[in-house]
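Down below is the structure, laid out as structure tokens.
No hydrogens, no waters, no symmetry mates; every other heavy atom, side chains included, goes into these values.
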Amino acid sequence: MALQDLCKFQDFSLDTITTKYSSAPFGKKTGCNYVSGLPFSNSTSLFNFYIPVAEYLAESPIQFGQISAVQRSSTILSQDSILPSLSLPTSLPLASSQPVPLPFPMSHGTTTLAFMFQGGVLAAADTRSSCSGLVACPASQKILPIHSHLVGTTSGTSADCALWKRILARELRLYQLRYGRRLSTSGAAKLLSHMLHPFKGTELCVAATLCGWDGGEADGVSSSGPSLHYVCSDGTRLQGTLFSVGSGSPYAYSILDQGVHWGLTVDEATSIAREAVYRATHRDAYSGNYVDIFHISSKGWTRRNREDLKEEYYREKERQERREKQDVTVCAKT
């Protein structure tokens with residue numbers, strides 16, 4: 001026995017389908033072909049579904065401020081222009097509706113920085129993940145290792161950054177297996193930029209700073225040294241010696257511009273990076289909690305223990321007290 005006989009499928013002309021489909025009361029159970037989505041002529045079919053009442057769809061978005069009246073009117077006009085050509089009833093919602101924007105902007109914020117010095121590359125970042133006015137996670141990781149000599153600071157949407165970090169790590173590992181050497185930091189930045197460029201203009205939000213050490217025994221190339229590149233989700237790719245990305249970057253630059261130079265030691269560079277993140281979190285509400293610091297050298301990357309930013313606050317108080325005592329002593333001598 002054929003499947004059509006079991007399920008009691010029947011062929012309909014377009015006029016019969018339109019008449020029966022438009023005459024079905026909205027909010028009632030109606031027999032429907034599960035392949036074409038069109039109703040059966042026999043109501044005793046085993047395949048039934050319930051069409052929900054969708055009256056709220058026309059009012060809720062405007063009531064909660066999700067779309068404006070102009071957007072709604074344009075959507076209705078576009079639907080009216082489509083419906084006659086499809087011969088579908090106007091009382092039923094379309095299968096593919098227009099995307100509804102969020103009722104309020106979901107702003108993000110962070111503070112990440114990286115700079116080069118004679119000891120390699122130092123990367124630092126806070127650990128607060130925010131979503132509008134909400135602290136979503138106070139202990140997130142914004143510096144993600146990619147391989148033994150490359151890490152990336154991430155700014156933007158956390159999920160997007162984590163996904164593209166894994167994609168980049170996979171591609172770099174495949175390159176190493178094919179050619180027997182690591183791809184340079186510049187090559188990795190170029191690869192990531194080309195992969196992100198097709199998503200320009202979308203809601204993808206990724207701003208990464210690739211901090212690496214090129215050359216060495218594993219690479220088999222003569223030139224070696226620190227390398228620093230900035231890559232954005234719109235395809236932007238920049239090479240430099242100092243970068244700070246995020247909502248707290250203007251405050252971090254005020255410390256980095258006056259303290260960073262090539263002859264820094266590892267301890268001095270660590271102190272400057274920690275202070276820059278602390279200054280940014282002091283003024284930026286979207287940054288805070290802890291600070292992560294990574295040092296990338298010819299031996300690979302190393303990570304310092306995560307430190308609470310309140311410790312830097314106490315250090316700053318001690319420095320202020322020492323400066324005040326020195327000022328008092330100088331005034332007393334004069």
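Arg182 and Tyr175 share no side-chain donor-acceptor pair at under 3.5 Å. Side-chain contact of Asn289 with Thr127: a donor-acceptor pair under 3.5 Å is absent, judged by distance alone. For Lys142 and Thr110, the side-chain atoms include at least one donor-acceptor pair closer than 3.5 Å. In this structure, a donor-acceptor pair under 3.5 Å is absent between the side chains of Thr265 and Asp267.
For Glu275 and Arg279, the salt-bridge test passes: some basic side-chain N is under 4.0 Å from an acidic carboxylate O. The residues Arg306 and Asp292 are annotated as salt-bridged, a charged nitrogen and a carboxylate oxygen being separated by less than 4.0 angstrom. A salt bridge links Glu316 to Arg319: at least one charged side-chain nitrogen sits closer than 4.0 Å to a carboxylate oxygen.
When all heavy atoms of Glu203 and Asp160 are compared, the closest pair comes out as O-OD2, 4.3 Å. For the residue pair Ser155 and Cys161, the shortest heavy atom distance occurs at O-SG, 3.8 Å.
Residue His147 holds its NE2 atom at 7.5 Å from CG of Leu183, rounded to the nearest 0.5 Å. The line from OG of Ser297 to NE2 of His149 is 7.0 Å long, rounded to the nearest 0.5 Å.
Sparse packing is recorded around OH of Tyr290, with 12 or fewer heavy atoms of other residues, nucleotides or ligands lying under 6.0 Å away. The environment of CZ in Arg304 is sparse: at most 12 heavy-atom neighbours from other residues, nucleotides or ligands sit within 6.0 Å. Other residues, nucleotides and ligands place no more than 12 heavy atoms under 6.0 Å from the CZ atom of Arg283.
Side chains of Arg322 and Lys325 form no contact here, defined as non-hydrogen atoms less than 4.5 Å apart. Counting heavy atoms from C-beta on, the side chains of Leu122 and Ile272 never come closer than 4.5 Å.
In this structure, Trp301 and Phe294 have tilted ring planes: the angle between them lies in the 30° to 60° band.
Each of Ile143, Val231, Val121, Thr153 was evaluated against Thr209; a single residue qualifies, Thr153, per the side-chain contact (heavy atoms from CB on, under 4.5 Å) test.
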